[in-house]
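Note sheet for the following structure.
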Amino acid sequence: MLPPVPVPIAIDINAIKDKLSFQLRPWQRSFQFWVRAIDIYTGYKVFQVRVNFVKDVQKQEAMWERQHELAADKIFALCSDLGGFFLKIAQIIGKPDLAPAAWVKRLVTLCDRAPPTPFDVMKLVLENELEQGIDDVFERFDVEPLGSASIAQFILLLLAVGGSATATQVHRARLKGDTSDVVVKVQHPGIQDLMMTDIHNLQAFALYMQKTDIKFDLYSVTKEMKKQIGYEFDFKREADAMERIRKFLYENNKKTPVLVPRVIRDMVTRRVLVMEYIDGVPIMNLGDEIAKRGINPRGKVAAAAKHSCLFSVIEVALLDYGQVKDLPEQLRLGYANLVLAIANRDPLRAAESYRELGIETLSSCENGLQELFRLAETMFDTKLPPGVVMLQPFSDESSIKKVAVQSFPEELFSVLRTVHLLRGLSVGLGINYSCAEQWRPFAEEALSQAGRLKGGTMTLCPTPYMFLSAFIHWSLLYKNVKSRGR
């Protein structure tokens, strides 16, 4: 009897490679981050020693500019190559009111650089979530995704932007039997785990930086960022927030000052969100739109046009609600008190508000109260001091160098980032205004309802832009909007 013929074992080498590559991806990503981050950091530390030997101020400034340009190229490469969460970081730090000009010039181009996931992959996610084929649901579906946009980016009607966060891909489509277009947001598959890897690396880096270079509780900020990233991966939560805010605006105003896209409720899952499409041009491209009409974007006519867009009746829409957040009552009222302190230029009240909010500081200068107030303005107001075109919160003369922030409540990061976004927006448009002054009536209302308004009279009749600015702010920090009906 002949022995049995052995059955050959089929080994899929490519499948093994793909599985191994997938498992090693977080480690490879971490390695790339640390190699590049250490290179950028040590480059600055070595430069600081070298520039101290140069006595000429103009030469020092030229050297700093060149160093910032070198660092900007490296930061750009890091964020562009790793993508995902680091594109979000680039959008946060690449604001003209915060970072060196060389950084801003380089990083601003990353806003639309989120690499698209192949359509076949996104199609599979979409069909699995909707449990239907694309051709069964949509009359038309654009394969090419719309440009990416940061969280809480703003649009004007006819001056608008369509986009998504770096965790999602956005397509324009039309449902069968409908006459208007919709936006389809689909999550990039597998990106949540990578973002968690990125935030853990950033937390470790933040811990080191706050011990050696920056007197600020960066670690608490990164903890809140980690929570907010989780929010972005729950489209059901985002759809609920959109509907709550839309209902409030449309029920309490004859004409809503802020447009909110309508959600297609039966086409919302945790990973897919379908909503009304609003066409337009990014608000930060307002200067370009003015230039197309033959007007100098830096001239008086353009300035008047920008002022008109922001302070009059032109409609504005807010598209992305991935990080809408409820503030605890005590924190909300404490922040309202801080808004009034800044608007009224009251250092004592600002210090009181800091204590109430749980912001623990340590002053190392004689005029500690005034520096604390300057710090409050830097962190929580949009207005730039006279003659200042860019804040430098980490310069030697900055209040953050003189007043250490030893503890910062995680929940307040949403507030901090909202102010930061608004200040970057206003600087980019060439408009200098105080959000604290704009929000004064809403802060007074909140404190009055809580029986905590101290002296003075209520500021009545907020302007349309006051309402818009406040809505943009409070939509991210949403708290019982029904109680604020007018």
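All figures in this text were calculated on a predicted structure; none of them were measured in a lab.
Listed by chain and number, the residues in a ring pair (Phe, Tyr, Trp, His ring centres under 6.0 Å) with F408 are F216 (sequence neighbours excluded). In this structure, K236 has no side chain to side chain donor-acceptor pair (under 3.5 Å) partners at least two apart in sequence or on a different chain. For the ring pair (Phe, Tyr, Trp, His ring centres under 6.0 Å) test, residues two or more places apart in sequence or in another chain that qualify with F86 are F33. Among residues two or more places apart in sequence or in another chain, the ring pair (Phe, Tyr, Trp, His ring centres under 6.0 Å) test is passed with Y44 by H68.
Annotation for A436 and D381: closest pair N-OD1, 3.2 Å, computed over non-hydrogen atoms. Closest approach of M209 and L218 over heavy atoms only: CB-CD1, 4.1 Å. What you find for A72 and A102 is that their closest heavy atoms are CB-O, 3.5 Å. Of all the heavy atoms in P347 and Q370, the pair that sits closest is CG-NE2, 3.7 Å. The shortest heavy-atom contact between S353 and L338 is OG-N, 3.4 Å.
Within 6.0 Å of atom OH in Y250, more than 12 heavy atoms from other residues, nucleotides or ligands are found, so the atom counts as buried in its surroundings. Within 6.0 Å of atom CD in Q32, more than 12 heavy atoms from other residues, nucleotides or ligands are found, so the atom counts as buried in its surroundings.
Judged purely by atom type and a 3.5 angstrom limit, N201 uses its side chain to pair as donor or acceptor with the backbone of T197. A donor-acceptor pair under 3.5 Å links the side-chain atoms of T222 to the main chain of Y219, judged by distance alone. Without hydrogens or angle criteria, E276 side chain to R262 main chain gives a donor-acceptor distance under 3.5 Å. Side chain of T42 to main chain of D39: a donor-acceptor pair is present (N/O by atom type, distance under 3.5 Å, no hydrogens or angles).
P261 places a side-chain heavy atom less than 4.5 Å from the side chain of L319. Considering only heavy atoms from C-beta on, M267 stays 4.5 Å or farther from V272 through its side chain. Residues L340 and E444 have side chains in contact (heavy-atom distance under 4.5 Å, counting atoms from C-beta outward). Using a 4.5 Å cut-off on side-chain heavy atoms (C-beta onward), Y433 and T382 make contact. Between Y321 and Y231, the closest side-chain pair of non-hydrogen atoms is not below 4.5 Å. Side-chain contact check for L126 versus V184: some heavy-atom pair is nearer than 4.5 Å. Between E238 and D320 there is a side-chain heavy-atom pair separated by less than 4.5 Å. Between Q203 and M225 there is no side-chain heavy-atom pair separated by less than 4.5 Å.
Among residues at least two apart or in separate chains, ring-ring contact (aromatic ring centres under 6.0 Å, His included) pairs with a member in residues 192-215 are Y41-Y208.
Ion pair D240/R265 flagged as a salt bridge, since at least one NZ, NE, NH1 or NH2 atom sits closer than 4.0 Å to an Asp/Glu carboxylate oxygen. Remark: R270 does not engage E129 in a salt bridge, criterion side-chain N to carboxylate O under 4.0 Å. Using a 4.0 Å cut-off between charged nitrogen and carboxylate oxygen, E410 and K227 count as a salt-bridge pair. Checked for salt-bridge contact, E371 and R374 meet the test: a charged N lies under 4.0 Å from a carboxylate O.
Checked options D81, L82, I75; the residue passing with R36 is D81 (criterion: side-chain contact (heavy atoms from CB on, under 4.5 Å)).
When only modelled atom types and interatomic distance are considered, N128 and R271 share no side-chain donor-acceptor pair under 3.5 Å. Judged by distance alone, the side chains of Y277 and R172 do bring a donor and an acceptor atom under 3.5 Å apart.
For the atom pair CD1 (I199) and CD1 (I89), the distance works out to 6.5 Å, reported to the nearest 0.5 Å.
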Under 3.5 Å, which donor-acceptor pairs do the side chains of residues 355-362 form with other protein atoms, sequence neighbours left out?
unit_1, atom_1, unit_2, atom_2, d
E356, OE1, R452, NH2, 3.0
E356, OE2, R452, NH1, 2.8
E356, OE2, R452, NH2, 3.0

